[in-house]
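Step one of this worksheet: look at the structure below.
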Amino acid sequence: DLGNSGDAVLNLPLIPGQLAVRGNVGYEKVPGYIDYNWVLTPDVAGSVDPEDPDAVTQFRDANDADSVFARAGLLWQPSDDLDINLTYFYQKVESGGRSADTNVALGLGEYVYGRRFLEPKERENHITSLEINWDLGFANFTSATGYTEYDDMEQRDQTDLLLDIGYGYETFPFFAAFTMDAVQEKSFTQEFRLVSNSDGPWNWIAGAFYRDFDNENISEEFTPGYPESPEYVLNVVDFGGIPVDQLTDGDLEYRSITDQTIEEIAVYGEIGYNLTQDWQITLGARWFEYEDDTQNSTRFPFFDATQPPFPQTAPIDEDDVIFKVNTSYDYENFAGSDGTFYLTVSEGYRNGRSNGLELCDGSPGQNVCGQPDELQVN
């Protein structure tokens, strides 16, 4: 199909030369081109033969995407030395399926994806920032504040993955599975920075940084019709699961819930000196500390009827000092050319993250877990 898009922009001075607002809104529709020709709906999956053409539904051009966005900005310049800029950005994207095909793997033809369930995805972003720039004479002061919210909801076909890991699902002739995922993230950052305004040989930068990040997500897998099948009864006997009449969550096969909080603080500085008009050297250092507190609870309802509580794992708490040295030299008429030679040696770091595991405690049916030193990536 044909795609389409449109947007509108508004610039409006409120106080000429001092205060103005700018806004824009837009929309974009990207047509799909991938066909899902063997889709089962959750209400019939597990009870019909997926090879029966009368039992499946065809969705043509399923991977279409609709986007809406808006941005608003307010700029205030009360004096030549001070400006304050407040901006807000919003975006929402809804897609109906993946941009992939299985022609090489299954020979179904180009632009055809052999999945049992549609895989829609919805993402929403809110971004707010406030930047203040102030010329203090001896230095320029900058304050940068940011706040973001991100939400993600999606459905995924999980059939092939569960068939591959040997849980015994391959004995169920009508087996199909799908996953429902939801993610919510919030982040706040604040940075203050001073940059010298000196005309002398010395120059410097000093600053401080803070970040608070929160992440919550849940992932649930469903196997329609499987608990009522003879194959499930066989698994109950083999693996010590729960009788069908005692299942409390129907087709829910797996649930994982994660709650993560990261806090980071840092102070940094640089000092530079011009040895000559053409040669300068800079030394810098940054001290940082971050704490990552992640809790995860994983459950297999077919084998464990209770949702385990969040394990009280010890948070990661790391701090360090990293250094930087830089030098540059402007040269002229060297081998017939002009240019700059520079050398930088700098340390860096990357925050650790969770492995998405709960602590192994010997609970019945627990098989997605880690030892204390395996829960997070340092």
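- With sequence neighbours excluded, the residues forming a side chain to side chain donor-acceptor pair (under 3.5 Å) with Asp330 are Thr340, listed by chain and number.
- In terms of the salt bridge (charged side-chain N to carboxylate O under 4.0 Å, His left out) criterion, Arg22 has no residue partners (sequence neighbours excluded).
- Applying the 4.5 Å side-chain rule to ILVMFWY residues, one finds that Leu234 remains a lone member of its cluster.
- The aromatic rings of Tyr290 and Phe288 sit parallel to each other, their planes meeting at less than 30°, with 60° as the upper class boundary.
- Applying the 4.5 Å side-chain rule to ILVMFWY residues, one finds that Val25 remains a lone member of its cluster.
- Connectivity analysis of hydrophobic side chains (ILVMFWY, heavy atoms under 4.5 Å, direct or indirect) links Val183 to nothing; its cluster partners are none.
- Ring centroid separation for the pair Tyr232 and Phe302 comes in under the 6.0 Å cut-off.
- Using a 3.5 Å distance cut-off with no hydrogens or angles, the side chains of Gln190 and Ser143 do pair a donor with an acceptor.
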Only distances under 3.5 Å count here; give the side-chain donor-acceptor pairs of residues 264-275 to other protein atoms, sequence neighbours excluded, each with its distance to 0.1 Å.
residue: Glu264; atom: OE1; partner: Asn351; partner atom: ND2; Å: 3.2
residue: Glu264; atom: OE2; partner: Tyr349; partner atom: OH; Å: 2.3
residue: Tyr268; atom: OH; partner: Glu191; partner atom: OE2; Å: 2.5
residue: Glu270; atom: OE2; partner: Lys324; partner atom: NZ; Å: 2.9

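- Under 3.5 Å, the side chains of Thr258 and Asn215 contain no donor-acceptor pair of N or O atoms.
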Less than 3.5 Å apart, which donor and acceptor atoms pair up between the side chains of residues 129-140 and the rest of the protein, not counting sequence neighbours?
residue: Ser129; atom: OG; partner: Thr87; partner atom: OG1; Å: 2.5
residue: Glu131; atom: OE2; partner: Asn133; partner atom: ND2; Å: 3.1
residue: Asn133; atom: OD1; partner: Thr142; partner atom: OG1; Å: 3.1
residue: Asn133; atom: ND2; partner: Asp83; partner atom: OD1; Å: 3.4
residue: Asp135; atom: OD1; partner: Gly137; partner atom: N; Å: 2.9
residue: Asp135; atom: OD1; partner: Asn197; partner atom: ND2; Å: 3.3
residue: Asn140; atom: OD1; partner: Asn197; partner atom: ND2; Å: 3.4

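- No side-chain N or O of Trp279 forms a donor-acceptor pair with one of Ser328 less than 3.5 Å apart.
- By the ring pair (Phe, Tyr, Trp, His ring centres under 6.0 Å) test, Tyr254 pairs with Phe300, sequence neighbours left out.
- Using modelled atom types, one finds a donor on one side chain and an acceptor on the other under 3.5 Å when comparing Asn326 with Gln280.
- A heavy-atom distance below 4.5 Å is found between the side chains of Tyr33 and Ser99.
- Cluster partners of Tyr27, by chain and number: Val68, Tyr88, Tyr90. The rule joins Ile, Leu, Val, Met, Phe, Trp and Tyr whenever side-chain heavy atoms lie under 4.5 Å apart.
- Looking at residues two or more places apart in sequence or on another chain, you find no side chain to side chain donor-acceptor pair (under 3.5 Å) involving Asp49.
- A search for side chain to side chain donor-acceptor pair (under 3.5 Å) contacts involving Glu119 returns Tyr36, Arg98, not counting sequence neighbours.
- Inspection of the Asn296 and Thr294 side chains reveals no N or O donor paired with an N or O acceptor under 3.5 Å.
- Residues that satisfy the side chain to side chain donor-acceptor pair (under 3.5 Å) test with Asn203, not counting sequence neighbours, are absent from this structure.
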